[in-house]
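One structure below.
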2 protein chains.
Amino acid sequence: MEKQTITIYDVAREANVSMATVSRVVNGNTNVKPATRKKVLEVIDRLDYRPNAVARGLASKKTTTVGVIIPDMTNMFFASLARGIDDVAAMYKYNIILANSDSNGDREVQVLNTLLTKQVDGIIFMGNEITPELREEFRRTKTPIVLAGSIDEENVNPSVNIDYTAAVQEEVKNLIDRGNKKIAFVCGPLSQAINSKYRLKGYKEALKSAGIPYDEKLVFETDNSYKSGMLLQPALSSMGVTAAMVSDDELAAGIMNGMTDAGVKVPSEFEVITSNDTKIAEIVRPKMSSITQPLYDIGAVAMRLLTKLMNNEEVNEKNVLLPYGLMKRDSTK
Amino acid sequence: MEKQTITIYDVAREANVSMATVSRVVNGNTNVKPATRKKVLEVIDRLDYRPNAVARGLASKKTTTVGVIIPDMTNMFFASLARGIDDVAAMYKYNIILANSDSNGDREVQVLNTLLTKQVDGIIFMGNEITPELREEFRRTKTPIVLAGSIDEENVNPSVNIDYTAAVQEEVKNLIDRGNKKIAFVCGPLSQAINSKYRLKGYKEALKSAGIPYDEKLVFETDNSYKSGMLLQPALSSMGVTAAMVSDDELAAGIMNGMTDAGVKVPSEFEVITSNDTKIAEIVRPKMSSITQPLYDIGAVAMRLLTKLMNNEEVNEKNVLLPYGLMKRDSTK
DNA sequence: ATTAGTTTTGAAAACGTTTTCAATTTGCTA
DNA sequence: TAGCAAATTGAAAACGTTTTCAAAACTAAT
């Protein structure tokens with residue numbers, strides 16, 4: 001009554017052929033006489049043989065599994081990317097091992113190593129702060145790694161993103177054009193290049209073009225949480241800020257609700273623009289205007305890129321920038 | 001310059017011991033003389049040896065990987081469960097292979113089979129409709145499977161849920177007590193037992209206790225999407241419905257926004273209660289009253305249960321019901 | 001029939017571990 | 001210091017595939 005596994009050997013015996021031949025038909029190798037193939041397939045069917053992927057992985061050194069490191073799958077932004085990743089992975093017959101890192105450097109290194117230990121064929125990394133230790137691990141491995149919706153300032157790994165600087169710059173310019181003088185820039189940790197080097201740069205450029213002096217006090221660094229957003233209202237209001245460019249949807253929803261709850265009218269008295277265009281932007285009232293990112297596609301393209309790398313195909317552009325858009329909804333005038 | 005992998009054999013040679021001994025120290029087996037252990041550890045460190053999990057899996061017949069079948073990771077409800085699953089999995093040194101099924105029966109069967117092929121040690125299944133084919137596959141495998149936040153009417157697999165019937169019954173009773181006569185029951189596919197057998201039952205029971213006749217017209221079957229909710233307003237209003245018990249948060253948000261957009265005041269003119277208490281319930285305005293489910297815990301407990309099953313430990317209760325709550329927010333009077 | 005190519009096949013060696021079982025070493029006790 | 005049990009080690013056989021290389025079986029042309 002013990003687990004009686006059927007192996008390739010059993011099939012070979014029953015079909016009167018060698019294991020090699022069975023392996024060939026299982027793998028769709030064409031160099032098999034049709035009659036033989038038929039015979040083998042019949043036996044496979046009769047015995048209900050299922051190849052053992054682990055053994056296969058050991059022998060072939062391919063696992064058809066890729067690792068996906070994600071800060072938090074409960075965050076709509078990353079979840080959307082991950083969905084794109086999984087769909088394309090499935091399309092190419094890969095499975096994904098998904099691991100949440102909570103953007104914790106040590107955890108990221110640890111996860112990366114267990115993924116490598118498990119011999120994944122490739123890795124997709126999401127997370128915006130790449131510690132020196134992590135970078136070193138990236139460098140050490142031969143396993144291809146691509147960043148999705150994530151910036152590495154040293155730009156050594158292939159990546160898929162949008163042009164955050166240009167998008168923010170454009171939105172802030174629009175805010176200025178509508179008469180806003182004091183515009184807050186609210187973002188996640190400034191230790192993340194995506195915020196400090198890219199988005200903030202767009203913000204500064206827009207101000208500069210308009211001749212508005214940059215005021216450090218208008219930059220609010222947060223942890224990207226809804227709650228943090230809610231708590232920002234007093235500070236924002238007391239400084240006479242009339243608009244905010246926000247780097248995360250939950251955060252933005254928090255700011256907007258905080259404002260509304262305090263009796264500040266959005267958008268007439270306060271405009272908010274968010275950055276990720278997740279479902280949340282649409283569900284919230286007023287609906288939030290947003291930079292639109294092709295979230296699903298960022299994941300999908302990243303995974304597609306990874307398949308090429310795993311296949312040793314040539315890739316022309318290692319750092320892909322997908323087009324972004326600006327979606328006007330009801331949180332802006 | 002080829003991938004020069006260090007194997008256990010290299011370590012054994014350098015340390016002047018057998019592979020068996022190296023294996024023992026790597027696996028923390030206590031029957032190794034401290035001096036030997038130290039020597040081996042030094043070599044491991046020097047050579048930067050990393051055990052190959054695939055080979056290990058083949059030899060030991062354990063992969064320390066579990067499969068997770070999820071309808072859509074982009075759905076906050078399931079994403080929250082999955083987060084609990086992954087955290088507990090990590091705690092017990094497992095990784096998860098996550099696969100989206102879109103609740104498609106064929107896809108579920110297919111995914112299940114590739115997971116089994118990959119020799120996962122266990123499986124967590126989310127999805128509320130278990131086709132006969134899928135059930136048959138469940139039955140065929142020896143690999144333990146537990147359902148998380150998902151109902152199988154035949155109840156053969158271990159599962160973790162809340163008492164959906166009681167929760168709905170309680171909420172609907174409250175709605176009745178507040179004077180609502182026409183209460184809609186809005187849910188996902190009635191082909192899913194969780195809706196047709198459990199939630200609907202609670203709804204009916206509440207009506208019956210209050211002596212209100214059950215009207216099939218007040219039952220709205222949807223696909224659980226935000227959009228479907230938005231489109232429901234005309235039907236709801238025209239029938240004179242004053243409250244809705246909804247089975248999904250996005251769906252509920254859609255209904256609420258649909259109402260509000262049409263000028264119907266929530267909650268004074270229309271009350272809505274949702275069922276999953278995801279972030280969305282809190283972010284939306286008015287905040288939605290909801291049945292509260294310990295989402296993270298459902299996942300966490302399911303995974304914990306699975307670890308026991310994988311370990312052949314005794315489990316006393318195979319079908320766990322976690323406590324639910326009722327959270328009063330602003331979408332009810 | 002023979003020959004020279006082509007296809008098809010099979011034997012056996014990987015792949016990198018764990019695990020079993022027996023052999024060796026060690027530590028105590030008398 | 002012999003004897004014995006316990007602790008420590010190692011040899012080699014799994015684990016279930018893929019892959020290489022050569023042999024065998026065809027095919028077609030003479």
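Using a cutoff of 4.0 Å between basic side-chain nitrogens and carboxylate oxygens, A:Asp86 and A:Arg83 are not scored as salt-bridged. Ion pairing of B:Glu42 with B:Arg46 is absent here, as no side-chain N (NZ or NE/NH1/NH2) approaches a carboxylate O to less than 4.0 Å.
Contact record, B:Asn319 with B:Ser159: ND2-OG, 2.7 Å, taken as the closest heavy-atom pair.
Running 5' to 3' along DNA chain C, contacts with non-hydrogen atoms of chain A at under 4.0 Å begin and end at C:dT8 to C:dG16.
Looking at residues 57-65 of chain A, you'll see A:Ala59, A:Ser60 sit with a heavy atom under 4.0 Å from some atom of DNA chain D.
Counted by atom type alone, A:Ser101 and A:Ser103 present zero donor-acceptor pairs between their side chains at under 3.5 Å. Between A:Lys118 and B:Thr65, the side chains place a donor N or O and an acceptor N or O closer than 3.5 Å (distance only, hydrogens not considered).
As a whole-Å value, the separation of B:Asn31 CG from D:dT9 P is 9 Å.
Taking 4.5 Å as the limit, every side-chain heavy atom of A:Phe78 sits out of range of all side-chain heavy atoms of A:Leu295.
In this structure, B:Val54 reaches neither bases nor backbone, as no heavy-atom distance under 4.0 Å exists between it and the strands shown. Counting any heavy atom pair closer than 4.0 Å across all strands shown, A:Thr7 reaches sugar-phosphate atoms only and no base atom. Using a 4.0 Å heavy-atom criterion, one finds that A:Asn52 contacts the sugar-phosphate atoms exclusively.
Shown are A:Val66, A:Ile97, A:Val68, A:Leu116; of these, the side chain to side chain contact (heavy atoms under 4.5 Å, CB included) with A:Ile123 is made only by A:Leu116.
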Original post:
Please walk me through it: do B:Ser23 and B:Asn27 pass side chain to side chain donor-acceptor pair (under 3.5 Å)?
Top reply: CA-CA 6 Å; B:Ser23 175; B:Asn27 291 294; 3.3 Å; yes

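Take the nearest nucleotide of DNA chain C for B:Ala20 and for B:Ala55: the residue whose nucleotide is more 5' is B:Ala55. Along DNA chain D, the nucleotide nearest B:Thr36 and the nucleotide nearest A:Tyr9 are compared for position; the residue whose nucleotide lies closer to the 5' end is B:Thr36.
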